[in-house]
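Here is how names work: the chains are called A, B, and so on, in the same order as the sequence lines, proteins then strands, and each is numbered from 1.
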Amino acid sequence: MRLQREHPWPRTEAEALAVQEELRPLVRLVPLPRPPRLIAGLDVAYAGAHGAADDRVAAAVVVLDAATLEPVERATAVGTAGFPYVPGLFAFRELPVLVRALERLSSVPDVLLCDGQGLAHPRRFGLACHLGVLTGVPTLGVAKTPLLGEWTEPGPERGATADVHDRGETVARVLRTQTGVKPVTVSAGHLIDLDDATAVVLDAARRYRLPETTRLADRLCRDVAQGEGVGTPTGVSTPTGVSFPPGS
DNA sequence: GCGACAG
DNA sequence: ATCTTGTCGC
């Protein structure tokens, strides 16, 4: 995949905020242009996470057939976070390595399922929005815990939802993906709307709380981060050897 | 001022 | 995110 837009990665909070301010107006909330045929999950794992700028990170992208949820392609990349963990600026830690993984992808997914928030962000520009603007591909955020907002408890059944409001706006939806599990928070990223984002996540979470995309991406980047990589569920091999080789 | 705070 | 054993339940 090639990027539609690029920008230097900031080193300070002030620079990061400026980047968000500049790109935020580019976000477009519209229905998905067509039913997704290929959906991709993205995630990042850390080696001994400290929340510091020099944390070693590994990113993974796994592309699935939307109908069968079978993996069709995957890509990984390793590197350094380059930015400390700051709520609201979280994207600057994970986007650099995620983008490098995406650039190693030959296919172009119809939607990118990001691990984190989209519009449900203090400046309405979470990681999913940011990645959407950089790639020009529809994105959504599916987070395990909310970052902000107010909502009511959704019903107990799979598929139950409740809108998340913040400062007078509907910024996300809590979605119960399985009966009896804690809801996930879904928000639109770019080139998608909340209804479509919710539908995509629910359809991708057929068996577990989290969509299959993020589950597979999570396992893959964790394997890479620990230098494992032998024996994935589908029998595909991943890089074997030392974790984070001296060349990156 | 105090507490909360995606991963 | 990551550090970590057993344990309760379908």
> To the nearest Å, how far apart are A:R219 CZ and C:dA1 P?
15 Å
> Could you state the CZ-C1' distance from A:R56 to C:dT2, rounded to the nearest angstrom?
17 Å
> Enter the distance from A:D196:CG to A:L140:CG here, rounded to the nearest 0.5 Å.
10.0 Å
> Would you kindly say whether A:T80 and A:R56 are connected by a side-chain donor-acceptor distance under 3.5 Å?
yes
> Report which part of the nucleic acid A:L148 touches: base, sugar-phosphate, or nothing (heavy-atom distance under 4.0 Å, all strands).
nothing
> Taking any heavy-atom pair under 4.0 Å as a contact, classify A:L89: base, sugar-phosphate, or nothing.
base
> Check this one for me: any side-chain N or O of A:Y85 less than 4.0 Å away from OP1 or OP2 of B:dA6?
yes
> Please report, rounded to the nearest Å, how far the C1' atom of B:dG7 is from the CG atom of A:L95.
12 Å
> Within the 3.5 Å criterion, strictly below it, is a donor on A:S106 or A:E73 matched to an acceptor on the partner's side chain?
yes
> Would A:E212 and A:R215 pass as an ion pair if we require N to O under 4.0 Å?
yes
> Roughly, in whole Å, what's the span from CG in A:L147 to P in B:dA6?
6 Å
> Would you find more than 12 non-hydrogen atoms of other residues, nucleotides or ligands less than 6.0 Å from A:E150 atom CD?
no
> Under the criterion ring pair (Phe, Tyr, Trp, His ring centres under 6.0 Å), I'd like the reasoning laid out for A:H121 against A:F90: C-alpha separation, chi angles, the key distance, then a yes or no.
CA-CA 10 Å; A:H121 176 277; A:F90 167 62; 9.9 Å; no
> Charged N to carboxylate O below 4.0 Å: is that the case for A:R219 and A:D43?
no
> May I ask you to list the residues of residues 130-145 of chain A, by number, that have any heavy atom positioned under 4.0 Å from an atom of DNA chain B?
A:A143, A:K144, A:T145
> In whole angstrom, give the distance that lies between atom CD of A:Q20 and atom C1' of B:dA6.
12 Å
> Return the value, rounded to whole Å, for the distance between atom CG of A:L210 and atom P of B:dG7.
10 Å
> Which part of the nucleic acid does A:H121 contact within heavy-atom distance under 4.0 Å: base, sugar-phosphate only, or nothing?
base
> Distance check needed: C:dA1 C1' versus A:F90 CZ, whole Å only.
8 Å
> Could you give the CG-to-C1' distance, from A:D218 to C:dT2, as a whole number of Å?
12 Å
> Could you check whether A:P122 gets within reach of a base, just the sugar-phosphate, or nothing at all, counting any heavy atom under 4.0 Å?
nothing
